[in-house]
Amino acid sequence: MKVLGLSFGKKNANCDILTKEALFGAREAFPSAEIKFINTQRLTIDRCIGCGACSTALEKGKDNKCIVKDDFQMVEEEIRSADAIILAAPVYVLQPVGQFKNMVDRFSCRHDVSAINWVLDKRRTGEMPGNADDYPMDRLRTRTVSYISVGGAVTDDWTSMGTASLHLFGFPAMMNVVANYNANGMGHVGNPYIDDELIGHMHEIGKRTAEAYGKDKKDIEFYGPKGMGTCPTCHQNLLTVDGTTRVTCPICGIHGTIAIDGEKLTVEFSEQEQARARGTFAGLREHTTEIQSFGSICGPKIMANKEMLDKMMDERIKKFDETINA
Ligand SMILES: Cc1cc2nc3c(=O)[nH]c(=O)nc-3n(C[C@H](O)[C@H](O)[C@H](O)COP(=O)(O)O)c2cc1C
């Protein structure tokens, strides 16, 4: 059992403190567990440059490595070999700090279970080169993760997209989410130590995250000390509305129906919708299929207009540089 603590906060500050307390909890449950802690603040994790080299390599029968070389590779290897992960990030302007998003863009897309499986299926039938057994998919799908969002604000109003955004890290890799916690009121370094209840929750999160490793998603009970949330799959409270009673969970991409009874609001998400949430194989496959169809729909149109498009691109860039950018 390997438990990884990943903190995107300042060194020895509140994200570190909370992650380490969760790791103490994991150690209490599994005295012989290998425990690793990484603080990312001084690491270089540059942005995804959108080059597509990773997916092209995969389709050519190679590993889908990221060609931007920095500290990302070390962190990725630690994540790959971890069974249970505790991830904490500070809220900077309502959302997790930017470095976390760099990590998500470079890690999570490349570990999309459906996209990788699509290629592995093609390797099995010989349509694409490479060994189909290169990826330990079954093990990867039983990994667990818990999220801790850390903000200085004393109410949830200024940490509103913290925990929700943290969920973007593990859903493409189909990690099983055990818990999330919105730790607000953390404006001063050391704040967690004056809140015994908070420290208790961190130990419980660490313990449960380690204990849930290897279990089937349906056998894992979500731990939500601050509530179970509106969405039954990600347990978040964010909803987008379209002016009707239909609402969408922006994290899971599933639709529900809103009902109001006096002061009480409920949202009904059908079993069918829950089964196509983004963090399920079916939900990820919907998007893989969508992406694959871009080529067949746009490809012929682009090829038919290629000469005109190339000319127009050159002309518009030249015009912009000579006029607006001059
Ligand atoms: C640039 C910046 C923006 C911040 N924005 C928010 C915010 O929108 N909401 C909030 O609750 N805290 C905000 N904070 C406070 C931090 O989330 C808080 O201090 C947290 O404890 C930092 O984590 P750390 O102690 O692990 O570094 C901000 C801090 C910085 C430096």
Side-chain angles (χ1 to χ4, degrees), residues 3-27 35-47 70-72 74-75 78-79 82 84-105 107 145-170 177-206 209 224-227 229 234-240 250-251:
V3 187
L4 172 67
L6 207 48
S7 163
F8 289 82
K10 299 184 294 288
K11 190 170 158 47
N12 288 332
N14 294 330
C15 290
D16 278 21
I17 291 171
L18 294 168
T19 307
K20 286 176 179 173
E21 290 302 323
L23 295 177
F24 279 130
R27 169 70 91 216
I35 304 220
K36 176 99 191 190
F37 172 80
I38 298 174
N39 175 293
T40 63
Q41 194 206 25
R42 296 282 165 185
L43 299 182
T44 303
I45 302 174
D46 217 336
R47 58 161 285 175
D70 54 23
D71 295 318
F72 169 78
M74 177 277 286
V75 181
E78 294 294 346
I79 296 170
I85 299 167
I86 307 290
L87 190 156
V91 172
Y92 281 9
V93 197
L94 308 183
Q95 287 196 325
V97 65
Q99 191 197 39
F100 165 78
K101 186 62 164 56
N102 281 357
M103 185 73 209
V104 166
D105 295 348
F107 174 82
V145 63
S146 286
Y147 302 115
I148 305 159
S149 174
V150 182
V154 288
T155 69
D156 287 355
D157 297 343
W158 275 85
T159 58
S160 46
M161 290 180 273
T163 51
S165 304
L166 293 183
H167 278 254
L168 307 183
F169 168 76
V177 183
V178 178
N180 64 219
Y181 195 91
N182 184 11
N184 55 22
M186 297 288 123
H188 300 280
V189 174
N191 266 153
Y193 291 135
I194 50 176
D195 187 340
D196 289 343
E197 200 183 324
L198 171 61
I199 296 293
H201 286 313
M202 292 305 118
H203 280 242
E204 192 62 24
I205 285 174
T209 311
K226 289 192 166 181
C234 70
H235 301 279
Q236 297 303 299
N237 282 318
L238 294 190
L239 292 173
T240 52
I251 308 303

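We count ligands from 1, going down the list as the structure has it; atoms in each ligand are counted the same way. This one's a predicted model, so the numbers in the text were calculated from it and none came from an experiment.
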Requested in this report: Spell out, as yes or no, whether a donor-acceptor pair under 3.5 Å connects the side chain of Asp71 to the backbone of Thr44.
Outcome: yes
Query - Side chain Asn180, main chain Thr163, donor-acceptor under 3.5 Å - result: no
Report task. Let me know which protein residues bring a heavy atom to under 4.0 Å of ligand 1; chain then number is fine for ordering. Result -> Gly9, Lys10, Ala13, Asn14, Cys15, Pro90, Val91, Tyr92, Val93, Leu94, Val150, Gly151, Gly152, Ala153, Trp158, Thr159, Met186
Query - Under 3.5 Å: donor-acceptor pair, side chain of Glu78, backbone of Lys36 - result: no
Query raised in the report: Does a sphere of radius 6.0 Å around NZ in Lys226 hold more than 12 heavy atoms from other residues, nucleotides or ligands, not counting ones at 6.0 Å or beyond?
Result: yes
Query raised in the report: For Leu6, which of Thr19, Ile86, Val145, Ile79 qualifies under side-chain contact (heavy atoms from CB on, under 4.5 Å)?
Result: Ile79
Requested in this report: Measure up the His167 and Tyr147 rings against each other and bin them: parallel (under 30°), tilted (30 to 60°), perpendicular (over 60°).
Outcome: tilted
